[in-house]
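The block underneath contains the structure these notes are about, expressed in structure tokens.
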Amino acid sequence: MLNDIRDCYERGQPVLVGTTSIENSELLSGILENAKLPHNVLNAKQHAREAEIIAQAGSPKAITIATNMAGRGTDIVLGGNVENQIKFIEANPELSDADKAAQAQKLRDEWQSLHDHVVNAGGLHIIGTERHESRRVDNQLRGRAGRQGDPGSSRFYLSLDDALLRIFAGDRVRAIMDRLKMPEGEPIEAGIVSRSIESAQRKVEARNFDIRKQLLEYDDVANDQRKVIYQQRNELLETTDISELIASLRRGVFTDLVRVNVPAESVEEQWDVKALEATLDAEWQIELSLRAMMEAEPTLTDEDLLERVLAAADALYQAKIDVVGKESFGGFERNVMLQSVDSHWREHLAALDHLRQGIHLRGYAQKNPKQEYKREAFELFGQMLDMIKNDVVKMVMTVRIQSREEIDAAEAAMQQSHVENVHYEHADFNPNAAPEELMAPTAVAADNGEQLMTMGVKVGRNDPCPCGSGKKFKACHGKLA
């Protein structure tokens, strides 16, 4: 490969060397530096000079090393791209307008002779250091030569130790070469080698295609669920009144709650009314004496109990609306719904990703991993919708609404408590006490002689120090050692 590049350089033919990785391009650049061959390296480290390097890759004696050479968006002109060079001259602030025009005209006059020289030398020569996994990338590199009727040539160099040949066709080709007793380092040009390489590339392309296809099938499951969630979310954003939706969710949640303790079409001996009352009181703040109702009305059915619970829930909901108004409470409901949907959807995506990482193990149980993934993803989606419904209804039903008078009274009580905690009898204060003693509960003796623990005056870290120094407690007697 080095001899080929040196031959082109001595004849004035431009060379474009393609590599598959930055590591290989840096390695080849070091080899060319040792051989005293000037060259340009084009990879991710030279992205700022990319257009300039490619534009001049067709100049005489130009050697360009490119990584994964594809379109790059710039045409390689034999003899050099004059217009691109003129742009750099015009952008130079140190040159006057006359100098810029003179240099531009000089470049235009010299271009034709340079172009003819490169054409006579054979045009752009492409050298591939190895074959890519995809034939498309190889063809893109090879296609940089011989464009628009220009002459050009291409040659790819491979080793039997390259990964592509070693994995797919190395043993067979190496056995043939050993049988023919080919010397080490001898270039081999044979149809069997080219066919083996193309066969290996087709296998890699087929494998990559199967990977992309499988990835898309897994992603379609999440995509279908994504459409449902985003449709519901857009409906929430576009509407201002979701009272009907909240009413439907509320009815569904309380129906499920009642049916857990009072199954449908069941006898009274199967009912757990006590547990239902306790759940309504503890979790939903609904005080409802269902057992007293059953004693007063022995003919109550499970449907009657359900209607009583739903009526009590509707009454509690309406009482909250009466306090703040339907419009204000509707805005609160929208915010709660959006926040719940967003948080649970993020958790669901993380759960799907975790599920997909280990779903392939189902294959050991003679199960189709894709079908198992679809089934479990559907179950997770249903669980997520149930959690959203329960969280929204619980937040709406258990939110505590305070009137302006209650808020003012609470603030006044807090201020009064703060004043009482700070301004207390200084006779009980011991300036020499440790900070832990000042912030700990005090022990007092009861009338019967027993020791009782009572929360005495607790000095906060940012409260004024009780000693009267005017400093904060943390900067005075509460200062840490």
Q) Is there a donor-acceptor pair closer than 3.5 Å between any side-chain N or O of R147 and the backbone N or O of G143? A) yes
Q. Do N24 and S21 pass the side chain to side chain donor-acceptor pair (under 3.5 Å) test, and can you show the C-alpha distance, the side-chain angles, and the key distance before you say yes or no?
A. CA-CA 5 Å; N24 290 340; S21 66; 3.2 Å; yes
Q) So, W111 side chain and G80 main chain: donor-acceptor pair closer than 3.5 Å or not? A) yes
Q) Can you tell me how far CD1 of I5 sits from CD1 of I63, rounded to the nearest 0.5 angstrom? A) 6.0 Å
Q: Answer with yes or no whether the side chains of Q105 and D109 bring together a donor and an acceptor at under 3.5 Å.
A: yes
Q: Could you note down all residue pairs passing ring pair (Phe, Tyr, Trp, His ring centres under 6.0 Å) where residues 220-240 supplies at least one of them, sequence neighbours left out?
A: none
Q: Using atom types as modelled and distance alone, determine if a side-chain donor or acceptor of S328 lies under 3.5 Å from a backbone N or O of G325.
A: no
Q. Can you tell me how far the CG atom of L249 sits from the CZ atom of F254, to the nearest 0.5 Å?
A. 11.5 Å
Q) Are the side chains of V393 and W284 in touch, meaning some heavy atoms are under 4.5 Å apart? A) yes
Q.
Is the shortest side-chain heavy-atom distance between I65 and N40 below 4.5 Å?
A. no
Q: For T239 and I242, run side-chain contact (heavy atoms from CB on, under 4.5 Å): C-alpha distance rounded to whole Å, both residues' side-chain angles, the deciding distance at 0.1 Å, then the answer.
A: CA-CA 7 Å; T239 184; I242 61 170; 3.5 Å; yes
Q | Within-4.5 Å side-chain heavy-atom neighbours: I89 and L95 | A | yes
Q.
The test is side-chain contact (heavy atoms from CB on, under 4.5 Å); show your working for D4 and Y157 and say whether it passes.
A. CA-CA 11 Å; D4 195 358; Y157 292 87; 2.7 Å; yes
Q.
Could you tell me if the side chain of Y317 sits less than 4.5 Å from the side chain of V396, heavy atoms only?
A. yes
**Q.** Any side-chain donor near an acceptor of the partner, S96 and D99, under 3.5 Å
**A.** yes
Q: Apply side-chain contact (heavy atoms from CB on, under 4.5 Å) to E130 and F156, showing your working.
A: CA-CA 6 Å; E130 55 187 305; F156 281 78; over 6 Å; no
(Q) Just so I know, are the side chains of N223 and R226 near enough to count as touching, which here means a heavy-atom distance under 4.5 Å? (A) yes
Q) Can you check whether V399 reaches K320 side chain to side chain, under 4.5 Å on heavy atoms? A) yes
**Q.** Partners passing salt bridge (Lys or Arg N to Asp or Glu O under 4.0 Å) against D342 (at least two apart in sequence or in another chain)
**A.** R233
Q | Pairs satisfying ring pair (Phe, Tyr, Trp, His ring centres under 6.0 Å), at least one member in residues 367-400, at least two apart | A | Y218-Y373, H348-F381
Q: State whether the side chain of K61 and the backbone N or O of E10 hold a donor-acceptor pair below 3.5 Å, judged by distance alone.
A: no
**Q.** Taking every non-hydrogen atom, the tightest pair across I76 and G58
**A.** CG2-N, 3.6 Å
Q: Determine whether R207 and D210 make a side-chain contact, defined as any pair of heavy atoms from C-beta on separated by less than 4.5 Å.
A: no
(Q) Using a strict threshold of under 4.0 Å (side-chain N to carboxylate O), is an ion pair present between D314 and R251? (A) no
(Q) Between K394 and E283, does the salt bridge (Lys or Arg N to Asp or Glu O under 4.0 Å) criterion hold? Intermediate values first, please. (A) CA-CA 8 Å; K394 179 163 287 189; E283 298 183 9; 3.7 Å; yes
Q. Do other residues, nucleotides or ligands put more than 12 heavy atoms under 6.0 Å from Q112 CD?
A. yes
Q | Stepwise side chain to side chain donor-acceptor pair (under 3.5 Å) test for T20 and H132 | A | CA-CA 7 Å; T20 59; H132 198 270; over 6 Å; no
(Q) Is it the case that the side chain of K100 and the backbone of E90 share a donor-acceptor pair, with hydrogens and angles ignored and the cut-off at 3.5 Å? (A) yes
Q) Under a 4.0 Å N-O cut-off, is there an ion pair linking E376 with R362? A) yes
Q: Check the surroundings of atom CD in Q318: do more than 12 heavy atoms from other residues, nucleotides or ligands lie under 6.0 Å from it?
A: yes
Q | Nearest heavy-atom neighbours spanning V118 and S59 | A | CG2-C, 4.3 Å
Q. Do V17 and T129 have side chains that get closer than 4.5 Å, going by heavy atoms?
A. yes
Q.
What's the separation between atom CD1 in I321 and atom CG in L316, rounded to the nearest 0.5 Å?
A. 10.5 Å
(Q) For R356 and L215: C-alpha separation, side-chain torsions, deciding distance, then whether side-chain contact (heavy atoms from CB on, under 4.5 Å) applies. (A) CA-CA 10 Å; R356 191 165 71 179; L215 181 64; 3.9 Å; yes
Q. About how many Å separate OG1 of T19 and CG of L27, when rounded to the nearest 0.5 Å?
A. 10.0 Å
(Q) With a 6.0 Å cut-off (strictly less than), is the heavy-atom count around CE of M395, excluding the residue itself, greater than 12? (A) no
Q.
side chain to side chain donor-acceptor pair (under 3.5 Å), that's the test. Do S29 and H39 meet it? Break it down for me.
A. CA-CA 8 Å; S29 176; H39 61 279; 2.8 Å; yes
**Q.** Q13: which of P151, P60, C8 passes side chain to side chain contact (heavy atoms under 4.5 Å, CB included)
**A.** C8
Q) Within a reach of under 6.0 Å around CD of E244, are more than 12 heavy atoms found that belong to other residues, nucleotides or ligands? A) no
Q. If you round to the nearest 0.5 Å, how far is NZ of K367 from CG of L361?
A. 12.5 Å
(Q) Ignoring hydrogens, what is the shortest heavy-atom contact between D391 and S340? Give both atom names and the distance. (A) CB-OG, 3.9 Å
Q. Given N139 and R136, is the side chain to side chain donor-acceptor pair (under 3.5 Å) satisfied, shown in steps?
A. CA-CA 5 Å; N139 292 333; R136 177 182 59 86; over 6 Å; no
Q. Do E205 and R202 sit within salt-bridge range, that is, some charged N less than 4.0 Å from a carboxylate O?
A. no
Q: Output yes when a side-chain donor or acceptor of H125 lies under 3.5 Å from a complementary backbone atom of G122, and no otherwise.
A: no
Q: For residues A377 and L355, report the shortest heavy-atom separation together with the two atoms involved.
A: N-CD2, 4.1 Å
Q. Within a reach of under 6.0 Å around CZ of R334, are more than 12 heavy atoms found that belong to other residues, nucleotides or ligands?
A. yes
Q: Drop me the distance from I246's CD1 to F329's CZ, to the nearest 0.5 angstrom.
A: 8.5 Å
Q.
Testing the basics here: between C476 and K471, what is the closest heavy-atom pair and its distance to 0.1 Å?
A. CB-CB, 4.2 Å
Q) Which pair of heavy atoms, one from P14 and one from A57, lies closest together, and at what distance? A) CB-O, 3.3 Å
Q | Ion pair D256/K389, N-O distance below 4.0 Å | A | yes
